[in-house]
There are 2 protein chains.
Amino acid sequence: MSPARTSTGAAPTRGRRSGRSTGDDRELAILATAERLLRKRPFGDISIDDLARGAGISRPTFYFYFPSKDAVLLTLLDRVTEEANAAAGDVLVRLADDPRARWRELIARFHATFGGHRDVVLACAQVRGTNAEVRRLWAEVLERWVRAVEAAIEGERARGAAPDGLPARDLAIALNSMNERVWYATFAGDGPAVAERDVVDVLLDVWLTAIYRTTTPPL
Amino acid sequence: MSPARTSTGAAPTRGRRSGRSTGDDRELAILATAERLLRKRPFGDISIDDLARGAGISRPTFYFYFPSKDAVLLTLLDRVTEEANAAAGDVLVRLADDPRARWRELIARFHATFGGHRDVVLACAQVRGTNAEVRRLWAEVLERWVRAVEAAIEGERARGAAPDGLPARDLAIALNSMNERVWYATFAGDGPAVAERDVVDVLLDVWLTAIYRTTTPPL
DNA sequence: GACGGCAGTCAACACCATGTCGAGAGGAAT
DNA sequence: ATTCCTCTCGACATGGTGTTGACTGCCGTC
């Protein structure tokens, strides 16, 4: 289906068939409309007609640019995950500097990125249940982060900073999963949630105790 | 809207207007059909017509028993959460016996309950994005569990078994959130997931380190 | 400078799921 | 027998999605 999908590589081309032209700004207009409407109401309450009219085109014309409503969201999600990847950067390779500070940096940067696009993130969480493509993309992104954390944990164990324990991969999955769900609750604001101001420190604390058995890991 | 909703109290009456009668088994037939179909395909791919035909009635008649497709799922969810509450029982009040064993028991019982109804649980997770009522009910149930865990953590701190640290409520939220998301991944099988065989021990390990800073809490 | 082709556009249509309305059938109580 | 209530469904209204086919204008090219 979709070609290659390298993380930062060429545009994933979820939108129009390809080729540059005047219709380029229409595509952007659809994306912008989606983000704007998402700020006001849930994804499910936005129809293709809303998106089309918001971009100044008719509904059939929408299909010239995107194959479905979900594809628009997928494009938006692509942007966010790329931004998150960029924000995370190489923090984890510099762990030995100051583990606590580095882990905190990692969590704080993800928090900032997701918080800055909470409407998109929330909408994705909402359709993940119904849309296999969103599910697939999210799984892929998560796998990447899990692997990075897994490697970092193993690195810390190898240098004697962290004790042995659970398989690093399982631990990485559990911690990443926790973050995802906790952020979701915090941003969505329904159900028991950690206050936005505290959430980074709460998550950090659980990460550190799970990895090091202490909140003050040794240098 | 819905009356009272005490946890274990009288039936929440999500179904027919009320009153006993012959149509009682029809209501059960709809529920049974829903569970059966959920085993085969996602909730979104099941139409009201499927439910009605499966129960041997016509689509309009379905509306005599339930106001919507979601209401059927809600009824199913009610059952599961009640079973989970019953399974959890009073495990947490006997923590001082053997903390590790008690926490493990708690997690294992939830795991068994959810695993035994994974189709319903997965369907609810799927619909939570679009259905406010499911969201509300789930939030309510979660709040109950969070409070129980919060109290247990405070108890462990008071008796000197667990060190001070994060606000107990924040910690309880984070841990419960982790469980929810990890189970979801394990049962759904998409994306990075912990093997079903290991999941209880993985979760337990993170709980213990987060609460006690060790995997072998003192008696 | 006409001509073929392609990006872009949309009215009209086919389809499908949801939810509603109103007319009934059958049994039980009065 | 009549009235009431539970239970039933055919037929309809609505609203969203995705498709078709015809049309416009522009750009290159021969």
Side-chain angles (χ1 to χ4, degrees), chain A residues 1 11 13-34 37-38 41-75 123 126-127 129-134, chain B residues 1 11 13-31 33-34 37-38 40-75 123 126-127 129-134:
Chain A
M1 188 117 298
T13 314
R14 277 193 211 293
R16 200 172 55 269
R17 346 290 196 186
S18 77
R20 311 285 83 182
S21 132
T22 62
D24 231 19
D25 43 354
R26 290 283 154 80
E27 189 167 334
L28 267 345
I30 292 173
L31 260 0
T33 302
L37 293 183
L38 240 20
R41 51 179 193 268
F43 188 68
D45 290 2
I46 298 172
S47 72
I48 291 182
D49 205 54
D50 294 330
L51 259 21
R53 295 196 174 281
I57 55 178
S58 73
R59 203 168 55 79
T61 300
F62 168 92
Y63 287 100
F64 181 81
Y65 293 99
F66 291 94
S68 71
K69 199 171 65 161
D70 291 359
V72 176
L73 189 56
L74 233 14
T75 304
Q126 187 174 118
V127 299
T130 54
N131 182 300
E133 189 74 7
V134 170
Chain B
M1 189 119 299
T13 313
R14 279 194 208 292
R16 198 171 56 269
R17 347 288 196 190
S18 76
R20 310 287 82 182
S21 132
T22 64
D24 230 19
D25 44 353
R26 290 284 154 81
E27 189 166 335
L28 267 346
I30 293 173
L31 258 2
T33 303
L37 293 183
L38 241 20
K40 290 189 257 191
R41 49 178 194 269
F43 188 69
D45 291 2
I46 298 172
S47 73
I48 290 181
D49 205 55
D50 295 330
L51 258 20
R53 294 195 174 283
I57 55 177
S58 73
R59 203 167 55 78
T61 300
F62 168 92
Y63 287 100
F64 180 80
Y65 292 98
F66 291 94
S68 71
K69 199 172 61 161
D70 291 0
V72 177
L73 190 56
L74 232 15
T75 304
Q126 187 174 117
V127 174
T130 54
N131 182 300
E133 189 72 6
V134 170

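No experiment lies behind these values; they were computed from the predicted model shown. Chain naming here is simple, since letters A, B, ... match the order of the sequence lines and numbering starts at 1 in each.
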Quiz prompt | Residue pairs passing the salt bridge (charged side-chain N to carboxylate O under 4.0 Å, His left out) test where at least one lies in residues 54-70 of chain A, sequence neighbours excluded | solution = none
Give me, pair by pair, the N or O atoms of the protein and of nucleotides 16-21 of chain C that are less than 3.5 Å apart, along with how far apart they are.
| unit_1 | atom_1 | unit_2 | atom_2 | d |
| --- | --- | --- | --- | --- |
| C/dT18 | OP1 | B/Ile48 | N | 3.4 |
| C/dT18 | OP2 | B/Ile48 | N | 3.3 |
| C/dG19 | OP2 | B/Tyr63 | OH | 3.3 |
| C/dG19 | N7 | B/Arg59 | NH1 | 2.6 |
| C/dG19 | O6 | B/Arg59 | NH2 | 2.4 |

Quiz item: Taking only residues two or more places apart in sequence or in another chain, which ones pass side-chain contact (heavy atoms from CB on, under 4.5 Å) with B/Thr61?
Solution: B/Ile57, B/Ser58, B/Tyr65
Quiz prompt | Whole-Å gap separating P (D/dT20) and CZ (A/Phe64) | solution = 16 Å
Quiz item: Sequence neighbours excluded, which residues qualify as side-chain contact (heavy atoms from CB on, under 4.5 Å) partners of A/Arg53?
Solution: A/Asp49
Practice problem: Round to a whole Å and report the spacing from CZ of A/Phe62 to P of C/dC10. | Solution: 14 Å
Quiz item: Of all residues at least two apart in sequence or in a different chain, which pass the side-chain contact (heavy atoms from CB on, under 4.5 Å) check with A/Ala132?
Solution: A/Arg135
Practice problem: State which residues pass side-chain contact (heavy atoms from CB on, under 4.5 Å) with A/Thr130; sequence neighbours excluded, sorted by chain then number. | Solution: A/Val127, B/Gln126
